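Model, not experiment: these values are computed from the prediction.
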Amino acid sequence: MTSGQAPVPARPPGPGGASVAPGTASGDPGTGRDAILRAARRAFTQRPYADVTIRGIAADAGVSPSLVVKHFGRKEELFNTVADFGPAAAELLAAPLGTLGRHMVLTLVNRRRETQSDPLLRVVFSLGNRDERSLLRDRFHEQVTDALTARLRGPDAALRAELLAGHLLGLGATLSLHREGAGARATPERLADLYAPALQSLITGREPDDAGPVR
């Protein structure tokens, strides 16, 4: 991979992330690291790799290029960080199977609210791309979908894992689409009450208990 030369202009909020002041995200007081990572996710998911520059990412994040290099190294290393879903997958899967659906919803919602970005949704921006962004799809499949498959028991584990991944992406997309809607006002626990049963049915491989006719 070779670095492009044209700087990347500032971008609107990207995959699942609301716009916040550079370097002020939760857990990132004054370091700029989270702001850089959000800017890098916007740049690498929305533009071809060759068009992205460290200088452009720094400008979008409101920091100096040297600070980007200090935190993440060269452009190739920063891209690998953006394409890495491993930490998010480990956090999402860190619960027993019996409570995994609720854990995944709570983890995803809380992570979004803490970091002002979605841990998974950037993979959607790789769909249909044939450049380096396709690596996002490969990494997602390996680190998220395959990891889910390995955790599940019973028949159709791979299919259920793919559907689970789709549910998680759908939740992130819905919350991003309705940034100021009912979902933004609901507590993570209430969102889990409503959304987790569908995930849990895929985890167990059984349909949810029949609650009777809808009235």
Side-chain angles (χ1 to χ4, degrees), residues 14-17 26-27 33-34 37-38 40-42 44-45 49 72-73 76-176 183 188-189 191-208:
S26 174
R33 192 180 191 280
D34 287 350
L37 188 55
R38 286 194 300 272
R41 286 173 174 173
R42 287 192 291 270
F44 284 124
T45 56
Y49 178 89
F72 295 100
E76 292 86 349
E77 294 164 330
L78 181 53
F79 178 80
N80 282 331
T81 299
V82 168
D84 185 9
F85 295 95
E91 191 174 11
L92 286 165
L93 291 170
L97 287 179
T99 58
L100 185 57
R102 185 174 186 85
H103 168 80
M104 288 195 292
V105 174
L106 290 173
T107 299
L108 186 143
V109 173
N110 284 324
R111 179 57 59 194
R112 285 178 56 92
R113 293 182 178 182
E114 290 168 4
T115 66
Q116 300 297 312
S117 64
D118 189 280
L120 302 177
L121 197 55
R122 62 189 180 278
V123 72
V124 174
F125 287 74
S126 71
L127 301 179
N129 292 313
R130 298 183 180 273
D131 56 21
E132 291 85 353
R133 287 171 289 182
S134 64
L135 178 62
L136 290 169
R137 294 197 302 277
D138 296 338
R139 290 277 181 85
F140 185 92
H141 192 281
E142 173 189 348
Q143 296 176 330
V144 179
T145 311
D146 286 353
L148 279 167
T149 302
R151 286 290 312 274
L152 301 182
R153 302 168 186 168
D156 299 318
L159 174 59
R160 286 154 51 208
E162 291 178 5
L163 294 174
L164 274 167
H167 272 287
L168 292 171
L169 292 173
L171 177 58
T174 297
L175 294 175
S176 294
E189 290 74 18
L191 289 169
D193 289 343
L194 295 171
Y195 204 81
L199 274 67
Q200 194 62 38
S201 70
L202 289 167
I203 292 166
T204 61
R206 298 191 299 269
E207 294 184 4

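Remark: the backbone N or O of Thr145 is paired with a side-chain donor or acceptor of Thr149 at under 3.5 angstrom. Between the Glu114 side chain and the Val109 main chain, no donor and acceptor come within less than 3.5 Å of each other. Judged purely by atom type and a 3.5 angstrom limit, Arg160 uses its side chain to pair as donor or acceptor with the backbone of Ile203.
When the ring pair (Phe, Tyr, Trp, His ring centres under 6.0 Å) test is applied to Phe72, no partner is found at least two apart in sequence or on another chain. Judged as a salt bridge (Lys or Arg N to Asp or Glu O under 4.0 Å), and not counting sequence neighbours, the contacts of Asp131 are Arg133. Every residue two or more places apart in sequence or in another chain was checked for a side-chain hydrogen bond (donor to acceptor under 3.5 Å, both in side chains) with Asn110, and none qualifies.
The nearest pair of heavy atoms linking Pro197 to Ala192 is CD-O, 3.7 Å. The two atoms that bring Ser176 and Leu121 nearest to each other are OG-CD2, 3.6 Å, heavy atoms only. The two atoms that bring Leu97 and Gln200 nearest to each other are O-NE2, 2.7 Å, heavy atoms only. Shortest non-hydrogen contact noted between Ala40 and Val82 is CB-CG2, 3.8 Å. Residues Leu92 and Leu100 come closest through the heavy atom pair O-CD1, 3.5 Å. Here the closest non-hydrogen pair linking Leu199 and Met104 is CD2-CE, 3.9 Å.
Residues Leu148 and Glu162 form no side-chain contact, since every pair of their non-hydrogen atoms from C-beta on lies 4.5 Å or further apart. For the pair Leu171/Arg112, no side-chain contact is recorded, criterion being any heavy-atom separation below 4.5 Å from C-beta on. Using a 4.5 Å cut-off on side-chain heavy atoms (C-beta onward), Leu164 and Leu152 make contact.
For residues 78-96, the side chain to side chain donor-acceptor pair (under 3.5 Å) pairs, not counting sequence neighbours, are Asp84-Gln143, Glu91-Arg111. Residue pairs satisfying the ring-ring contact (aromatic ring centres under 6.0 Å, His included) criterion with at least one member in residues 139-163, sequence neighbours excluded, are listed as follows: Phe85-Phe140. Residues in residues 98-120 take part in no ring-ring contact (aromatic ring centres under 6.0 Å, His included) pair, two or more places apart or across chains.
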Worksheet item: What's the verdict on side-chain hydrogen bond (donor to acceptor under 3.5 Å, both in side chains) for Ser117 and Arg122, showing C-alpha distance, side-chain angles and the deciding distance?
Response: CA-CA 9 Å; Ser117 64; Arg122 62 189 180 278; over 6 Å; no
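Between the OH atom of Tyr195 and the NE2 atom of His167 there is a distance of 6.0 Å, given to the nearest 0.5 Å. Of the inter-residue distances, the one linking Leu120 atom CG with Leu136 atom CG reads 11.5 Å to the nearest 0.5 angstrom. In this structure, CG in Leu163 is found 11.0 Å from CG in Leu168, a value given to the nearest 0.5 Å. One distance of note links CG of Leu191 with CG of Leu106; it measures 9.0 Å at 0.5 Å rounding.
Between Phe79 and Phe44, the ring planes lie perpendicular to each other; the angle is over 60°, past the 30° to 60° tilted range.
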